[in-house]
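Working notes, beginning with the structure itself.
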Amino acid sequence: MANAELICFEPACRARYAITEVLYNCTKCGGLLEVIYGGDRPDAAALRRVFLERRASNAPLDASGVWRYREMFPFLDDYACVVTLREGNTPLLDAPLAARYGGLDRLTFKHQGFNPTGSFKDNGMTCATAQARRLGMRRVACVSTGNTSASMAAYAAAAGLDAFIFLPHGNISFGKLAQALEYGARTFEVEANFDQILALVRVLAERLGIYLLNSVNPFRIEGQKSIIIEMLDQRDWRAPDWIVLPGGNLGNASAFGKALRECGEAGLIGGMPRLAVIQAEGAAPFYDLFSHGGEFRAVAKPETLATAIRIGDPVSWPKALHEVRSSQGVVEKVTEQEIADAKAQIGRCGIGCEPASAATLAGIRKLTANGVMERGSDVVAVLTGNLLKDPDYIYRYHTRKLEAPGGIEIRSTFGNQSIVVPNDPDRIAELL
Ligand code: F0G
């Protein structure tokens with residue numbers, strides 16, 4: 001068993017804490033916390049072999065596309081506290097049409113929308129829920145743009161924990177809200193935005209001793225590393241040139257970078273892929289920081305129809321900045337129109353995704369056009385959420401009713417309207 005600890009992410013501090021402390025930030029400097037491991041670790045050949053063998057196992061931990069890779073995040077000393085819904089196990093899908101649209105010869109999607117609650121959040125939630133149980137916590141909470149809450153509600157229900165969910169009123173899709181209700185979480189819609197509600201929930205969690213399951217929780221990040229580890233395993237440990245992902249609260253960017261570093265240190269991969277984080281233009285503080293430098297400046301009123309990434313003050317920006325820089329990565333931003341059209345193209349591949357996920361393809365199109373990404377690059381884009389998460393957006397796009405914030409009309413470039421017809425074979429035949 002490796003010995004795991006929490007360590008402050010700030011280079012000037014690096015304070016260490018026991019893995020069983022209920023902490024989200026460094027008590028000395030306020031920095032973000034990261035899980036680190038010491039002790040003897042298996043070598044790359046042994047790891048590859050055990051990961052492969054577990055694919056043929058029906059044991060719940062092995063059948064999980066997260067826990068199958070547990071040697072890469074050995075923070076538990078007893079796996080009895082794990083609750084798995086068989087998360088992960090998400091496919092790599094070739095998408096020739098989307099590749100062409102993005103200006104690439106070839107493009108593969110890692111589709112996290114195939115998860116039990118329809119988004120990548122399940123990869124992290126199974127780990128953070130296990131930690132909650134290990135710590136003996138009975139109540140868990142999060143603020144969410146919808147997917148974290150859906151995931152937390154499901155895992156809390158499965159684990160027998162009480163779930164308290166806080167949502168920005170009027171700015172989450174009904175599909176996601178419906179999930180929280182159906183999984184039985186106590187759900188509050190607060191008249192404030194994500195960033196404001198996060199501050200509120202942190203106060204409540206502290207005051208009431210409720211365990212916080214937002215991505216500031218370092219165990220969420222440990223679980224989300226498995227998205228990258230599974231993708232590399234599916235590619236027989238051939239690292240791509242680029243990994244493209246949408247950026248909101250920047251937990252995923254942090255997790256992906258940590259996973260790549262650790263896979264490199266373990267000798268599982270040779271080359272290091274570059275991370276490309278894509279933000280929506282109206283909620284792009286990380287893009288601003290990356291391109292203009294200087295102090296981090298939050299966006300006070302973030303706006304985007306991709307409500308999953310409608311975040312102006314992303315908690316994990318220091319980690320994400322480190323990871324993007326150390327991978328020689330880039331940050332790009334895309335417009336509402338670009339997201340909407342890219343999303344329709346992903347749909348035409350027979351794949352589909354929710355709006356935030358489509359920022360990836362919109363970003364790729366921009367990065368190939370401006371020469372940052374080469375046409376022949378080996379690119380994996382992570383689709384973070386399922387198409388059915390936000391059907392209202394889709395219906396509006398295809399019926400020319402989609403409006404960006406500020407009342408700006410979104411062109412239905414690849415629209416596909418349904419046709420109302422009489423119950424008459426002759427009339428329908430005429431139309432076909
Ligand atoms: N894509 C989807 C579908 C999301 O739900 C989120 C985040 C992101 C991308 C951005 O990921 O925060 O790691 O940069 N959703 C959170 C939530 C904030 O509450 O569900 P990130």
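Start at 1 and go down the list; that is how both ligands and their atoms are numbered.
Considering Arg310, Glu281, Glu336, Gln279 as possible partners of Thr304, the one that fulfils the side-chain hydrogen bond (donor to acceptor under 3.5 Å, both in side chains) test is Glu336. Screening Glu265, Glu323, Glu222 for a salt bridge (charged side-chain N to carboxylate O under 4.0 Å, His left out) involving Lys258 leaves a single residue, Glu222. The one candidate from Arg70, Arg68, Arg86 that meets the salt bridge (charged side-chain N to carboxylate O under 4.0 Å, His left out) condition with Asp62 is Arg70.
In terms of N/O distances under 3.5 Å, ligand 1 is not approached by Gly385. Of the N or O atoms in Thr145, one or more lie within a sub-3.5 Å distance of an N or O in ligand 1. For ligand 1, the polar-atom distance check against Thr384 finds a nitrogen or oxygen pair separated by under 3.5 Å. The distance criterion of under 3.5 Å between nitrogen or oxygen atoms is met by Gly248 with respect to ligand 1. The N/O atoms of Asn147, backbone and side chain alike, include one that comes under 3.5 Å of an N/O atom in ligand 1.
Per-residue contacts place Gly251 under 4.0 angstrom from the following atoms of ligand 1 (heavy atoms of the residue considered): 13 (O), 14 (O), 21 (P). Within the listing of ligand 1, atoms 17 (C), 19 (O), 20 (O) sit less than 4.0 angstrom from a heavy atom of Ser144. Every atom of ligand 1 with a heavy atom of Pro246 under 4.0 Å away is listed here by number and element: 9 (C). Close approach of ligand 1 to Glu354 is summarised as follows: ligand atoms under 4.0 Å from at least one heavy atom of the residue are 3 (C). Below 4.0 Å from some heavy atom of Ala356 lie the following atoms of ligand 1, by number and element: 1 (N).
Between Phe414 and His398, the distance from one ring center to the other does not fall under 6.0 angstrom. Ring pair Phe290/Trp317: centre-to-centre distance not below 6.0 Å.
Taking atom 15 (N) of ligand 1 as the reference point, the nearest protein heavy-atom neighbour is Lys121 NZ, 2.9 Å. Shortest contact from atom 11 (O) of ligand 1 to any protein heavy atom: Phe120 CZ, 3.5 Å. With hydrogens left out, the protein atom closest to atom 8 (C) of ligand 1 is Ile309 CG2, 3.6 Å, a heavy atom. If you check which protein heavy atom lies closest to atom 20 (O) of ligand 1, you get Thr148 N, 2.8 Å.
Atoms CZ and CZ, on Arg138 and Arg133 in that order, are 8.5 Å from each other to the nearest 0.5 Å. Asn123 contributes atom CG, which lies 6.5 Å from atom OG1 of Thr90 (distance to the nearest 0.5 angstrom).
Contact check on Glu230 versus Lys110 returns a salt bridge, with a Lys/Arg side-chain nitrogen under 4.0 Å from an Asp/Glu carboxylate oxygen. The existence of a salt bridge linking Arg106 and Asp94 is confirmed by a sub-4.0 Å separation between a basic side-chain nitrogen and an acidic carboxylate oxygen. At a threshold of 4.0 Å, the pair Asp105-Arg375 counts as salt-bridged, since one of the basic side-chain nitrogens sits closer than that to a carboxylate oxygen. Electrostatic pairing of Asp378 and Arg235 counts as a salt bridge here, judged by a charged N lying under 4.0 Å from a carboxylate O.
Using a 4.0 Å cutoff on heavy atoms, Gly247 counts as a contact of ligand 1. Contact between Ile311 and ligand 1 is present, with at least one heavy atom of the residue lying under 4.0 Å from the ligand. For Ser119, the heavy-atom gap to ligand 1 stays at 4.0 angstrom or more.
Here Gln224 has no heavy atoms under 4.0 Å from ligand 1, in either its backbone or its side chain. At a 4.0 Å heavy-atom cut-off, ligand 1 touches Asn252 through backbone and side chain alike. Under 4.0 angstrom from ligand 1, the non-hydrogen atoms of Ala308 come from both its backbone and its side chain.
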Between side-chain atoms of residues 181-189 and protein atoms elsewhere (two or more places apart, or another chain), which donor-acceptor pairs fall under 3.5 Å?
| residue | atom | partner | partner atom | Å |
| --- | --- | --- | --- | --- |
| Thr187 | OG1 | Ala185 | O | 3.0 |
| Glu189 | OE1 | His169 | ND1 | 3.1 |

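Of the possible polar contacts, one joining the Arg220 side chain to the Leu213 backbone as a donor-acceptor pair under 3.5 Å is found.
Compare Val382, Leu245, Asn249, Val143 by their heavy atoms: the one nearest to atom 12 (O) of ligand 1 is in Asn249.
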